[in-house]
Amino acid sequence: MGDVLAGFHAAWEFESDSVLIRYERGIRAPKLLQALGERRVPLAALQGVTLSPGRRGTVVLRAEPRPGADPLIEAAAGQLKESSDPYRLVLPAERETLAEYYAEELRAQLAGPGPADRRLVPAPAPPLQFKAYDGKASFDGSSVAFRWFWTGASSAKWKAGDQTFAVEELSGVEWRSPEVFEGHLRLLRRDAGERPAQADQDPAAVVFGLGYGPVHESLPFAAAVLDAVRVRSAGAVVPVAAAPRRDPADVAERIRHLGELHRAGLVTDEEFSVKKAELLAEL
């Protein structure tokens with residue numbers, strides 16, 4: 001066990017080749033950090049360390065990950081708030097000298113800047129799921145499934161039906177924070193052609209809303225999918241899980257809603273017949 005530097009909401013344990021970061025689970029701790037729990041960051045995944053003044057008598061020690069080393073940071077694409085940054089340790093100002101010591105120790109062991117040629121920090125492990133505004137997203141490690149909510153999904157998504165995407169079909173993910181306008185999680189498919197501009201019209205995307213798709217649920221999900229895509233692209237075999245059988249009550253509810261769309265003229269006779277047959281086939 002190495003030296004430990006404890007700050008607000010997290011503690012860093014310095015080991016010979018890595019930093020073990022444990023995040024606080026208290027009520028004041030950011031929910032994303034609570035969801036991450038603990039992360040081991042190899043020194044090879046870092047390209048720099050900074051120490052700067054913080055707010056209200058604090059200092060901030062921050063490690064900078066190399067591009068491509070951490071799928072969580074790659075999926076976040078710079079959208080995380082400072083308080084939710086997993087590489088940021090806030091300390092009382094009286095610990096500045098101690099923090100500077102550890103910062104110098106870390107800098108001396110880093111190889112320098114530059115992108116990583118592989119993932120070095122583990123992604124959150126599947127199975128994972130969360131509720132978006134228009135559907136439920138789940139990931140079992142080999143495929144992503146979107147199950148639409150009749151209360152939120154657009155008619156375009158209802159016409160397309162529930163979706164399942166094998167990892168090998170994907171080239172990446174696009175995550176837009178629910179803390180900004182029009183947040184969503186969109187799966188980027190290989191050779192999919194032109195996609196709808198609006199995420200609420202794209203069957204390969206779920207959209208967020210107030211209380212739906214929060215950062216601490218949707219971002220780890222996006223990171224896990226992105227990591228699986230990168231592993232698959234590197235040549236590893238990712239098995240495809242069999243599609244689960246549907247609950248008969250759920251199928252009946254979807255057929256009922258499909259009928260409402262048909263009566264409202266939003267679904268043609270042919271589309272209604274095809275989608276009804278697809279739903280019945282899931283029983």
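What's counted below: heavy atoms across the whole structure, side chains too, no hydrogens, waters or symmetry copies. What you see is a predicted model, and the numbers here were worked out from it, not measured in a lab.
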**Item:** Flag, side chain of S171 to backbone of L188, donor-acceptor distance under 3.5 Å
**Value:** yes
**Request:** List the steps, then state whether side-chain contact (heavy atoms from CB on, under 4.5 Å) holds for S138 with L128.
**Result:** CA-CA 6 Å; S138 59; L128 296 166; over 6 Å; no
**Asked** Which pair of heavy atoms, one from S154 and one from Q201, lies closest together, and at what distance?
**Response** CB-NE2, 3.7 Å
**Asked** Taking 4.0 angstrom as the limit, do E169 and R189 come out as a salt bridge?
**Response** no
**Request:** Using modelled atom types only, decide if a donor and an acceptor are shared between the side chain of T58 and the backbone of R55 within a distance under 3.5 Å.
**Result:** yes
**Item:** Check: S177 and V215 side chains under 4.5 Å, non-hydrogen atoms
**Value:** yes
**Asked** With sequence neighbours excluded, what pairs up with R190 under the side chain to side chain donor-acceptor pair (under 3.5 Å) test?
**Response** S233
**Prompt:** Could you give the distance from CG (L32) to CG (L80), rounded to the nearest 0.5 Å?
**Reply:** 6.0 Å
**Message:** So does P86 get a backbone contact from the side chain of Y23, meaning a donor-acceptor N/O pair under 3.5 Å?
**Reply:** yes
**Complete:** Closest heavy-atom pair, E217 versus K131, reported as atoms and distance to 0.1 Å, is OE1-N, 4.4 Å
**Prompt:** If you take all heavy atoms of V167 and G141, which pair is closest and at what distance?
**Reply:** CG2-O, 4.0 Å
**Prompt:** Where do D70 and Y87 land on the side chain to side chain donor-acceptor pair (under 3.5 Å) test, with the steps shown first?
**Reply:** CA-CA 11 Å; D70 184 348; Y87 288 91; 2.6 Å; yes
**Asked** With a 4.0 Å cut-off, would you call R195 and E174 a salt bridge?
**Response** yes
**Message:** I'd like to know whether the aromatic ring centres of F130 and F221 sit less than 6.0 Å apart in this structure.
**Reply:** yes
**K157/D200 salt bridge by N-O under 4.0 Å criterion** = no
**Item:** Hydrophobic cluster identity match, V173 and F208, side-chain contacts under 4.5 Å
**Value:** yes
**Message:** Ignoring hydrogens, what is the shortest heavy-atom contact between P71 and V121? Give both atom names and the distance.
**Reply:** CD-O, 3.4 Å
**Item:** From CZ (F149) to OH (Y133), nearest 0.5 Å
**Value:** 11.5 Å
**Message:** What I want to find out is whether R107 reaches E100 closely enough, with some N-O distance under 4.0 Å, to be called a salt bridge.
**Reply:** yes
**Request:** List the atom of A132, the atom of V206, and the distance in Å for their closest heavy-atom pair.
**Result:** CB-CB, 3.6 Å
**Request:** Could you tell me whether D227 and R119 make a salt bridge, using a distance below 4.0 angstrom between a side-chain N and a carboxylate O?
**Result:** yes
**Asked** Between Q79 (side chain) and W175 (backbone), is there a donor-acceptor pair under 3.5 Å?
**Response** yes
**Asked** Is it true that W12 and Y102 fall in one hydrophobic cluster, defined by side-chain heavy atoms closer than 4.5 Å?
**Response** yes
**Asked** Are the side chain of S218 and the backbone N or O of G213 linked by a donor-acceptor pair below 3.5 Å?
**Response** yes
**Request:** State plainly whether the residues R176 and E182 are in salt-bridge range, i.e. N to O under 4.0 Å.
**Result:** no
**Flag, side chain of R186 to backbone of V207, donor-acceptor distance under 3.5 Å** = no
**Request:** Dump the intermediate steps for side-chain contact (heavy atoms from CB on, under 4.5 Å) on L170 and L226, then the final yes or no.
**Result:** CA-CA 9 Å; L170 307 176; L226 179 61; over 6 Å; no
**Asked** Are the side chains of D134 and W148 in touch, meaning some heavy atoms are under 4.5 Å apart?
**Response** yes
**Request:** Specify the closest pair of heavy atoms between L106 and V49, including all atoms of both residues, with the distance to one decimal.
**Result:** CB-CG2, 3.8 Å
**Prompt:** Counting only N and O atoms by type, is there a donor-acceptor contact under 3.5 Å from the side chain of Q163 to the main-chain atoms of G161?
**Reply:** yes
**Request:** Measure the CG-CD distance between D85 and E64 for me, rounded to the nearest 0.5 Å.
**Result:** 10.5 Å
**Request:** Assess whether side chain to side chain donor-acceptor pair (under 3.5 Å) is satisfied between H9 and Q34, documenting all intermediate values.
**Result:** CA-CA 9 Å; H9 308 316; Q34 293 187 54; over 6 Å; no
**Prompt:** Has the side chain of R66 got a donor or acceptor atom that lies under 3.5 Å from a matching backbone atom of P115?
**Reply:** yes
